[in-house]
Amino acid sequence: CAPQACTPGYWKNNAQKRNANAWPAAFMPGTKVGDVFNVPGCVGSGVRNATFLEALGFTGGRSVRAGAEALLRAAVGGLLNSASACVQYPVCSDALIAQVDAVLATCDRAAMQDAIASFAALETLGCPLDQRGVCSN
């Protein structure tokens with residue numbers, strides 16, 4: 001199978017419009033970011049306590065915290081892809097979490113930007129889920 005990925009925007013819209021019917025059972029919109037990812041002190045407790053749905057709305061910016069928010073937006077989207085039975089995502093969930101944790105631990109915004117670019121490249125692979133959350137595979 002060719003690799004696939006849905007964008008963070010897809011997952012956010014699915015949660016808001018379809019009650020997260022396409023979301024994998026392991027992760028739901030109310031899952032806390034800090035329950036899955038190790039968010040260091042340089043990022044802040046507000047990010048750690050955000051839900052996955054809130055993280056999908058993070059926008060980013062110039063600070064370390066903003067860089068971490070942008071990374072976590074991409075990471076939550078990637079994690080939902082990797083845990084989905086429908087999406088043939090090229091990175092497994094455990095590896096994705098470990099990679100994101102390692103980048104967050106650096107507290108280096110440039111490293112976070114590099115990781116975001118990797119996620120962005122995967123988002124162009126095409127999503128096998130339609131707007132209603134139905135798998136087309």
Side-chain angles (χ1 to χ4, degrees):
C1 296
Q4 302 165 323
C6 302
T7 66
Y10 171 85
W11 295 109
K12 180 181 176 188
N13 289 333
N14 181 264
Q16 292 173 329
K17 295 179 182 176
R18 304 282 179 200
N19 273 340
N21 68 341
W23 284 48
F27 305 107
M28 296 308 300
T31 301
K32 298 282 186 182
V33 168
D35 290 343
V36 177
F37 298 100
N38 291 322
V39 181
C42 65
V43 174
S45 62
V47 174
R48 193 175 14 263
N49 293 323
T51 66
F52 271 21
L53 182 58
E54 290 168 335
L56 289 171
F58 287 162
T59 57
R62 297 192 123 140
S63 68
V64 169
R65 178 185 171 132
E69 287 179 351
L71 172 58
L72 286 164
R73 177 181 188 268
V76 167
L79 187 58
L80 294 172
N81 284 315
S82 70
S84 172
C86 181
V87 181
Q88 302 298 318
Y89 198 66
V91 181
C92 70
S93 297
D94 290 342
L96 185 148
I97 293 167
Q99 290 169 357
V100 171
D101 285 350
V103 173
L104 287 172
T106 69
C107 295
D108 180 356
R109 188 177 168 281
M112 295 173 192
Q113 293 299 314
D114 290 343
I116 292 165
S118 297
F119 281 112
L122 294 175
E123 291 170 12
T124 65
L125 297 173
C127 182
L129 295 159
D130 70 13
Q131 292 180 4
R132 292 183 294 287
V134 176
C135 184
S136 63
N137 284 344

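Remember, it's a predicted structure, so these values are computed and weren't measured experimentally. Starting from 1, each residue takes its place in the sequence as its number.
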### Query
In terms of hydrophobic clustering (I, L, V, M, F, W, Y; side-chain heavy atoms under 4.5 Å; direct or indirect links), are Leu53 and Val47 co-clustered?
no
### Cationic N near anionic O, under 4.0 Å, Glu69 to Arg73
no
### Query
After noting the C-alpha distance and the side-chain angles of Asn81 and Gln4, does the key distance pass the side-chain contact (heavy atoms from CB on, under 4.5 Å) rule?
CA-CA 8 Å; Asn81 284 315; Gln4 302 165 323; over 6 Å; no
To the nearest 0.5 angstrom, please state how far the [atom1] atom of [X] sits from the [atom2] atom of [Y].
X: Leu71; Y: Arg109; atom1: CG; atom2: CZ; value: 11.5 Å
X: Asp35; Y: Thr51; atom1: CG; atom2: OG1; value: 11.0 Å
X: Glu123; Y: Ser118; atom1: CD; atom2: OG; value: 11.0 Å
X: Thr106; Y: Met112; atom1: OG1; atom2: CE; value: 5.0 Å
X: Leu104; Y: Cys42; atom1: CG; atom2: SG; value: 7.5 Å

If every non-hydrogen atom of [X] is compared with every non-hydrogen atom of [Y], which pair is closest and at what distance?
X: Asn38; Y: Pro40; answer: O-CD, 3.4 Å
X: Gly44; Y: Val39; answer: O-CG1, 4.1 Å
X: Gly133; Y: Asn21; answer: CA-OD1, 3.9 Å
X: Phe119; Y: Ala74; answer: CB-CB, 3.7 Å
X: Gly61; Y: Ala66; answer: N-CB, 3.2 Å
X: Ile116; Y: Gly67; answer: CD1-O, 4.0 Å

#### Entry: Expected output: side-chain Ser45 to main-chain Arg48 donor-acceptor under 3.5 Å
no
### Pro128 backbone acceptor or donor facing Ser136 side chain under 3.5 Å
yes
### Query
Taking only residues two or more places apart in sequence or in another chain, which ones pass disulfide (SG to SG under 2.5 Å) with Cys92?
none
Are [X] and [Y] close enough that some pair of their side-chain heavy atoms sits under 4.5 Å apart?
X: Pro29; Y: Trp23; answer: yes
X: Leu122; Y: Val91; answer: yes
X: Val36; Y: Val76; answer: no
X: Trp11; Y: Leu79; answer: no
X: Cys6; Y: Asn14; answer: no

#### Entry: More than 12 heavy atoms from other groups under 6.0 Å of CG on Asp108
yes
### Task
Report, as yes or no, whether the 6.0 Å neighbourhood of atom CD on Gln131 holds more than 12 heavy atoms from other residues, nucleotides or ligands.
no
### Pairs touching residues 38-68 that satisfy ring pair (Phe, Tyr, Trp, His ring centres under 6.0 Å), sequence neighbours left out
Phe27-Phe52
### Task
Apply side-chain contact (heavy atoms from CB on, under 4.5 Å) to Leu80 and Leu56, showing your working.
CA-CA 11 Å; Leu80 294 172; Leu56 289 171; 4.3 Å; yes
### Query
Which residues pass the ring-ring contact (aromatic ring centres under 6.0 Å, His included) test with Phe37, sequence neighbours left out?
none
